[in-house]
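Each chain gets a letter, A, B and so on, in the order its sequence line appears, and its residues count up from 1.
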Amino acid sequence: MTLATFPASEPKPSWTRYFSFNTDAKVIGIQYIVLAFFFFLIGGLLAMIIRGELITPEADLVDRTVYNGIYTMHGTIMLFLFIFPVLNGLNNLLIPTMIGAPDMAFPRLNAVAFWLVPIFGTLLIASFFVPGGPAYSGWWSYPPVSVQNPLGHLVNGQGMWLTAVALSGVSSIMGAVNFVTTIIRMRAPGMTWFRMPVFCWTALAAQSLQLIGLPALTGGAIMLLFDLVAGTTFYDPSGGGDPVLYQHFFWFYSHPAVYVIILPVFGIFSELFPVYARKPLFGYVYVSLASFIIVGLGLIVWVHHFFTSGVPQWMRNLFMVNTMLISVPTGVKVFAWLGTLWRGKIRLTTPMLFCLGGLFNFVFAGITGVMLATVPVDIHVSNTYFVVGHFHYVIYGAAVMGIFAAIYHWFPKFIGRMPYEGLGKLHFLLTFIGANLNFLPMHPLGLMGMPRRVSSYDPEFAFWNVLASLGAFLLGVSIIPFLLNMISSWIRGPKSTHNPWNAIGLEWLLPSPPAEDNFGEHVPVVISKPYGYGLGKPLVEHQAEIEQALTAAELQESSR
Amino acid sequence: MTTAYPTPTEPKEHTAEHEKHNLTGFIIFLCSESVIFLAFFSGYALLKTSALDWLPAGVDGLEWQMPLINSVVLVSSSGTIYLAERAKARGSIWGFRGFWLLTMALGSYFLYGQAVEWSGLEFGFTSGTFGGTFYLLTGFHGLHVATGVGLMTLMLIKSFIPGNYDGGEQGVEATSLFWHFVDVIWIILFLLIYVWQRS
């Protein structure tokens, strides 16, 4: 009996490790996710203020300049302090366990990348309290608005915003180098490229995009910072500069950034649909490769964000066609997921509900995305609520719902306890209804011509705005069952077995929660493709023995 | 009864594998770093081709003789760092240190030459987009040269720690790669700024 190798006999690690410079990827993953949700609450509160202001046509809740700061910070916090950190958290938890690595390739770099997040997060939040308030030029910070410094202070909201975004870039690059190196070099024996789980494929694609795109934004932001504080004129026409140059730099990264967010969510869909439909993933190879076609195309569509900024007609046509082409590899994926669900034994668990809801919202967002790519439509709805609606369908409707699915699905693995299904389903229902009630009315508003980033509007827009605000408040409420569920099941939820969902994957051959070095020296040898549901083929050598030993250890644990 | 993980896999060379990670990671980082230069270069080209008056009043172009000497110095330092690596491969630690030190000297001379050039210029960082891009590009590149010299100093010190020589090896390879990278960037920069003067 060598069952003693299981962590059942190890001392329980102290909770204080979550507040220390720990280099274990699983600790860092949880640190990322918990911190991200802390900032999510702040960003969400700002969203509640925005929708509270917009429930009436008059600007009566906050001052107009304060409103500018609030929507700027809402976007910045949600992207740089919520969604990127939460995805990096999932990457940290899932990549090493899915490929059978003991940790990330560079554990210390990993910890540094994480601890930069609270630093620039604090910097960004602190900008609320400096004279002049936070940055107010929108999350994209276009010059000339973003190079104004009316008070003349060296420490100003816009400068702090730029510093925080630059630090976020440094952190993301550190993370990306780490994730890509880990996936390339640390896969388990026998795990060839085409035996790798799709989540790892999409993480590899997304992190490659970070590596290619992010330096362009950093370069552009450095030049903006010099324009703001050193008096250069890179973006100032009076000194020979060009404000549209900044828009190129910004969108060269920030369009691919949307794929950095949505690609791992495609990975989550591809992991979860087979588990809860009990069928192999349809078209595994095509789903994997489509991610890289999306990477290639995603890098050559950025100009569609500023068709109205005086770009030549040939450029508009070119970028319109490129943008539309993206719907082909994306369509391949949607088709593959539908093929996976087709005649499957579907189990409507909380993670599955979130996946199905996310897929529904994503298809809707895809349709409005093709509309927006079309130059005449785009010019008509540019800078209106149509764009806001489309974007929030992608990011909240699809990406955040996919992230919730992943959290419910892998929570038992990394915490060792089961989340409550009832609260989870309530959370899903409130999120799905809230998101659609919030973001659907934005489309008619945009088509009617309501501009974004205004705190007062014509009374004819009132009806749809009231609906949207009610949806937003519902979304605000929806987070309560989620937090309750997470906290209570973490403290006293029922103990989870090593594989509560009956899923196939290396991470499910580890005890819940896994030991610090995952498989340690005993990495199983992968002998077949992933997602072999219903095929009866083992994933790894000695699979039956490994599972037997895990179950025996769990019985031993529960009898103590 | 069979146990969980009974098959002991052969003990792996953990350190050797980790070293390879370091080099892979560094190459990935360099690819990413090249994009920031690409962004600056394309910004420079766009601003230059669309400018009405590229040169500020009173400035009629850049002197190219001294930067050319500087370029020759930097390009030849790529050769000396290669010779240093060759000496190390032959097992001649002192040959390695000699050529390594020579590379550092050439790199430092380049930085000195850059500083002399900067101090003799009659335009500044805020002299329109011409001045802005000139100091941004040369300054950002110079920062990389200084980083390279710093890395080389570190590797040189590491070579004197007894028994640590093997550990420093991947660092030497990475530093050398970084130095060739800085060199290639300079050649593009020289062509863009000094050779392409008339638009």
Side-chain angles (χ1 to χ4, degrees), chain A residues 1-3 5-6 105-106 109 173-174 176-178 180-182 184-186 189 208 210-220 222-223 226-227 230-234 236 239-242 244-246 248-249 252 519-525 541-542 544-550 552-553, chain B residues 1-12 14 17-56 124-137 139-140 143:
Chain A
M1 294 283 284
T2 52
L3 292 177
T5 52
F6 283 118
F106 309 111
L109 190 71
I173 288 290
M174 285 177 174
V177 167
N178 218 339
V180 172
T181 311
T182 308
I184 292 178
R185 299 214 67 103
M186 296 177 74
S208 310
Q210 289 277 51
L211 290 166
I212 302 167
L214 198 46
L217 174 66
T218 313
I222 290 172
M223 287 160 77
F226 280 134
D227 272 10
T232 54
T233 56
F234 296 119
D236 179 3
D242 183 358
V244 180
L245 179 62
Y246 175 81
H248 281 284
F249 284 143
F252 183 78
F519 292 100
E521 297 287 309
H522 310 284
V523 185
V525 180
E541 277 177 15
H542 309 292
E545 289 98 315
I546 294 173
E547 287 187 342
Q548 222 168 20
L550 283 163
Chain B
M1 182 190 157
T2 41
T3 49
Y5 308 116
T7 45
T9 44
E10 309 89 85
K12 282 180 216 137
H14 272 294
E17 269 199 5
H18 194 76
E19 298 273 302
K20 277 190 202 149
H21 297 166
N22 286 347
L23 204 59
T24 313
F26 196 75
I27 292 168
I28 292 167
F29 167 74
L30 279 187
C31 292
S32 183
E33 191 72 358
S34 63
V35 179
I36 199 166
F37 279 105
L38 197 70
F40 283 152
F41 289 159
S42 45
Y44 171 82
L46 198 129
L47 287 174
K48 178 165 177 165
T49 47
S50 62
L52 297 174
D53 307 300
W54 176 241
L55 296 173
F125 192 33
T126 52
S127 309
T129 43
F130 171 78
T133 49
F134 174 82
Y135 284 101
L136 183 74
L137 285 174
F140 194 63
L143 211 59

> Hey, which of A/Ile222, A/Leu217, A/Thr232 has the most heavy atom pairs under 4.5 Å with chain B?
A/Thr232

> I'd like to verify something: which residue of B/Gly132, B/Gly25, B/Gly128 has the highest number of heavy-atom pairs under 4.5 Å with chain A?
B/Gly25

> Test side-chain contact (heavy atoms from CB on, under 4.5 Å) on A/Asp227 and A/Tyr246; report intermediate values, then the result.
CA-CA 11 Å; A/Asp227 272 10; A/Tyr246 175 81; over 6 Å; no

> Show your reasoning for whether ring-ring contact (aromatic ring centres under 6.0 Å, His included) applies to B/Trp54 and B/Tyr44.
CA-CA 11 Å; B/Trp54 176 241; B/Tyr44 171 82; 5.7 Å; yes

> What part of A/Met223 gets closer than 4.5 Å to chain B, counting heavy atoms only: side chain, backbone, both or neither?
side chain

> Select one option (side chain, backbone, both, neither) describing which atoms of B/Ser127 are under 4.5 Å from chain A's heavy atoms.
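Answer is neither: B/Ser127 stays 4.5 Å or more from chain A.
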
> Chain B heavy atoms under 4.5 Å from A/Phe234: which part of the residue, side chain, backbone, both or neither?
both

> For A/Leu211 and A/Val180, run side-chain contact (heavy atoms from CB on, under 4.5 Å): C-alpha distance rounded to whole Å, both residues' side-chain angles, the deciding distance at 0.1 Å, then the answer.
CA-CA 10 Å; A/Leu211 290 166; A/Val180 172; 3.9 Å; yes

> Step by step, work out the ring-ring contact (aromatic ring centres under 6.0 Å, His included) result for A/Phe226 and B/Phe125.
CA-CA 10 Å; A/Phe226 280 134; B/Phe125 192 33; 5.0 Å; yes

> Ring-plane angle category for B/Phe37 and B/Phe140, please: parallel below 30°, perpendicular beyond 60°, tilted otherwise.
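Tilted: the ring planes of B/Phe37 and B/Phe140 meet at 30° to 60°.
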
